[in-house]
Amino acid sequence: MTKYIFTTGGNLSSLGKGIASATIGRLLKSRGLKVTVLKMDPYLNVDAGTMNPFQHGEVFVTDDGSETDLDLGHYERFIDINLSAVNNVTTGKVYDQVLRNEREGKYLGACVQVIPHFTNELKACIRNAAKASRAEVCIVEIGGTVGDIEGGPFYEAIRQFRNEVGRDNAIFIHLSLVPTLTTAGEVKTKLTQHTVKELRGIGIQPDIIVCRGKAPLEDDIKSKISLFCDVPKECVISAPDVNDLYQIPVNFEKEGITEIILEKLHLMTDENDMTEWTDMLKRQESPRGKCTIGICGKYFFKDAYMSVMEALKHGGIEHRVTVDIKLIDTEKSSLKSQLKKLDGILIPGGFGYRGIEGKINAIQFARENNVPFLGICLGLQSAVIEFARNKCGLKGANSTEFDEKTPHPVIDMMLDQRDIKDKGGTMRLGLYPAEIKPGSLAAKLYKSKKIQERHRHRYEVNTKDHAILTKNGLVISGLSPDGTLAEIVEYPDHPYFIASQFHPEFKSRPTRPHPLFAGLVGAAFEYAQNKKK
């Protein structure tokens with residue numbers, strides 16, 4: 001039987017439930033267990049695909065093309081697993097299923113209600129996630145915080161679920177803030193007491209409380225939380241702030257959380273093997289230098305570029321280099337002065353015209369000044385526009401996304417996208433193959449003739465313009481198997497200039513950096529070293 005761990009959060013958002021769930025998954029995997037994770041989001045959107053990155057952070061795309069919450073990125077990176085549509089459900093997605101069931105007459109004339117019909121569907125989603133992966137342990141994270149009005153049915157569902165599978169087969173882990181009042185110098189537990197009281201009021205008693213704060217908890221504070229929240233003292237886990245997320249599994253292991261979970265779920269496992277993880281940390285903790293890489297975009301909310309930033313860190317771990325990441329606003333007039341301070345330039349994915357001309361100017365700066373460059377999705381499209389304008393002499397070249405009347409539509413909407421009216425879940429999404437040009441930079445980086453990468457876009461390099469681009473020196477080093485879609489472009493008269501139509505950041509891991517990011521960091525570090533000479 002699959003064992004289940006439910007993680008909930010109190011007080012406020014962004015406490016780190018996703019990181020905690022990912023960390024627990026990593027620790028259990030290190031004991032030889034097969035783990036999967038399910039994120040349950042109470043918002044009404046069917047998926048995260050149409051959300052503004054300012055509000056909800058990046059949209060993480062899985063192999064099967066599901067547009068999901070960014071926490072799935074944490075799960076994949078920490079646990080080193082590939083997830084799918086079954087690993088992220090929302091209120092909108094579940095209500096859609098419930099209403100379709102009702103229309104099909106599956107409820108046999110019943111009055112359809114939140115309980116039991118909606119909660120039953122939620123429980124079915126939990127079982128489906130476990131079944132799809134054949135996991136021994138399924139970790140279920142409930143989005144939002146206890147007390148949110150939209151979260152009520154989710155807490156009711158997991159309360160019911162534990163009774164159905166038995167108390168030896170499911171546990172509740174609750175995250176709560178334990179702040180330190182700087183004026184008084186006191187650690188306050190009242191927030192935790194209240195959020196646990198609210199959780200207990202809906203029938204859930206946490207088995208473990210993970211306490212977020214600035215510093216490790218003293219024994220007397222753990223004892224106080226234990227007393228007022230009715231959990232054993234050893235089940236009060238200290239989770240202080242850290243400089244790097246990848247240190248958290250080591251901290252949690254020291255707190256003894258893995259042994260507590262194994263005991264409560266009656267699991268017999270192998271000895272802990274964290275060798276791969278600790279080796280990665282050792283490389284990270286002994287850098288041989290640093291470089292500065294700018295993410296030139298328009299969102300100034302780090303979660304909007306979460307996977308990109310993590311992939312850059314992974315590249316740094318590979319080369320034992322500290323990567324100083326700068327978010328550069330491509331709408332600012334000071335753009336050029338900021339670019340001069342960088343050792344590498346990255347143009348990330350995005351939508352809409354805002355900031356595009358600044359991105360094109362940043363790419364021109366990188367190309368003309370031999371600054372290492374990586375473009376992703378819109379970054380590839382912007383690189384093609386820049387090259388068409390400045391190397392091919394195609395004045396006014398643009399994407400039809402930004403200028404429908406451009407005389408040179410070097411970027412155009414894909415043919416199969418033109419009649420689509422729904423915005424959600426209709427782009428070119430998920431894993432697609434590409435063939436790599438022998439002798440290219442891409443071939444050197446990938447060390448493979450064929451690759452598969454995750455996509456999220458509607459626009460492509462116009463097939464009609466492949467000839468003029470390549471004639472003027474741009475190399476299309478990655479093509480779809482039918483030879484029509486440009487997947488990778490590069491400029492060979494440059495130390496490192498490459499761009500992908502796909503999103504390589506989604507497949508990067510701290511223990512297995514993506515080659516395009518590792519290549520960028522390596523080139524940027526070399527550029528930084530040469531500047532010192």
Side-chain angles (χ1 to χ4, degrees), residues 18 22 25-26 29 35-37 39 48-49 57-88 133 245-246 276-277 280 293 295 303-319 323 346-349 374-380 427-436 441-457 477-478 480-481 485 487-488 490 498-522:
R26 181 76 206 191
K29 183 181 179 180
V35 179
T36 193
V37 193
K39 176 69 184 290
E58 74 172 10
V59 176
F60 187 84
V61 178
T62 55
D63 280 353
D64 67 348
S66 299
E67 295 176 287
T68 70
D69 184 81
L70 64 81
D71 279 324
L72 270 75
H74 293 314
Y75 307 156
E76 287 204 356
R77 285 188 288 271
F78 273 68
I79 309 173
D80 198 5
I81 54 177
N82 292 326
L83 302 175
S84 68
V86 298
N87 298 99
N88 191 194
S133 62
L245 295 178
Y246 301 134
E276 182 185 46
W277 197 262
M280 176 271 293
I293 295 177
I295 299 176
D303 282 0
Y305 299 122
M306 176 64 73
S307 290
V308 171
M309 297 177 76
E310 291 304 305
L312 286 172
K313 285 169 58 177
H314 304 164
I317 293 168
E318 173 79 2
H319 291 282
V323 182
L346 187 150
I347 306 292
L374 173 61
I376 298 172
C377 196
L378 183 59
L380 175 141
M427 288 184 276
R428 187 184 188 218
L429 290 164
L431 212 61
Y432 285 89
E435 296 180 353
I436 302 299
L441 174 59
K444 178 183 176 183
L445 294 169
Y446 277 101
K447 298 180 175 62
S448 178
K449 294 178 180 179
K450 294 184 179 180
I451 62 169
Q452 291 200 79
E453 294 281 5
R454 300 178 188 180
H455 295 67
R456 184 176 184 249
H457 60 98
S477 56
S480 58
L485 303 178
E487 295 281 7
I488 305 174
E490 55 189 71
I498 192 165
S500 67
Q501 182 57 72
F502 48 80
H503 288 265
E505 68 271 23
F506 294 146
K507 293 183 71 175
S508 188
R509 308 282 192 263
T511 53
R512 292 186 295 108
H514 193 283
L516 295 185
F517 283 91
L520 175 65
V521 172

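Bear in mind that the values here come from a model prediction, so they are computed numbers and not experimental data. All heavy atoms count here, side chains included; hydrogens, waters and symmetry mates do not.
The two residues Pro513 and Ser508 come nearest to each other via the heavy atoms CA-OG, 3.7 Å. In terms of heavy atoms, Pro433 sits closest to Gln452 at CA-CG, 4.0 Å. Taking all atoms of both residues into account, the shortest heavy-atom contact from Ala442 to Glu490 is N-OE1, 3.1 Å. Heavy-atom minimum distance, Cys377 versus Gly349: CB-CA, 4.2 Å. Closest approach of Ile295 to Pro348, counting heavy atoms only: CG2-CG, 3.8 Å.
Put simply, NZ on Lys313 and CG on Leu245 are 5.0 Å apart, with the number rounded to the nearest 0.5 Å. The distance from the CG atom of Leu520 to the NE2 atom of His514 is 12.5 Å, given to the nearest 0.5 Å. Between atom OG of residue Ser477 and atom CD1 of residue Ile498 there is a gap of 5.0 Å, rounded to the nearest 0.5 Å. In this structure, Glu505 CD and Phe60 CZ are separated by 8.5 Å, a value rounded to the nearest 0.5 Å. Atom CZ of Phe517 is separated from atom CD1 of Ile293 by 9.5 Å, given to the nearest 0.5 angstrom.
At least one side-chain heavy atom of Ile488 sits less than 4.5 Å from a side-chain heavy atom of Tyr446. The closest side-chain heavy-atom distance from Phe502 to Ile451 is below 4.5 Å. Inter-residue side-chain proximity for Val86 and Thr36 is flagged as unmet; no heavy-atom pair is nearer than 4.5 Å. Residues Ile79 and His74 are not in side-chain contact: their nearest non-hydrogen atoms beyond the backbone lie 4.5 Å or more apart. Residues Leu346 and Ile376 are in side-chain contact: their nearest non-hydrogen atoms beyond the backbone lie under 4.5 Å apart.
Counting only distance, with no hydrogens or angles, the side chain of Arg456 and the backbone of Glu67 share no donor-acceptor pair below 3.5 Å. A donor-acceptor contact shorter than 3.5 Å is absent between the side chain of Asp64 and the backbone of Ser84.
Between Arg512 and Glu276 there is no salt bridge, since no side-chain N of the basic residue sits under 4.0 Å from a carboxylate O of the acidic one. The pair Arg428-Glu487 meets the salt-bridge criterion, with a side-chain N (NZ, NE, NH1 or NH2) lying under 4.0 Å from an Asp/Glu carboxylate O.
Between Tyr246 and Trp277, the two ring planes are perpendicular [angle over 60°; tilted spans 30° to 60°]. Ring-plane geometry between Tyr432 and His455 is classed as perpendicular, the angle between the planes exceeding 60 degrees on a 0 to 90 degree scale with a lower cut at 30.
At a cut-off of 3.5 Å, with distance as the only test, no side-chain donor of Ser500 or Glu453 sits close to an acceptor on the other residue.
Screening Asn87, Leu431, Leu429, Leu72 for a side-chain contact (heavy atoms from CB on, under 4.5 Å) involving Thr62 leaves a single residue, Leu72. Between Lys39 and the choices Thr68, Asn88, Asp71, the side-chain hydrogen bond (donor to acceptor under 3.5 Å, both in side chains) rule is met once, by Asp71. A side-chain hydrogen bond (donor to acceptor under 3.5 Å, both in side chains) with Ser307 holds for exactly one of Arg77, Glu76, Lys507; it is Arg77.
Not counting sequence neighbours, the partners of Asn82 by the side-chain hydrogen bond (donor to acceptor under 3.5 Å, both in side chains) test are Arg454, Arg509.
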- Item | Pair Val35-Ile81, side chain to side chain contact (heavy atoms under 4.5 Å, CB included): steps then yes or no | CA-CA 9 Å; Val35 179; Ile81 54 177; 5.7 Å; no

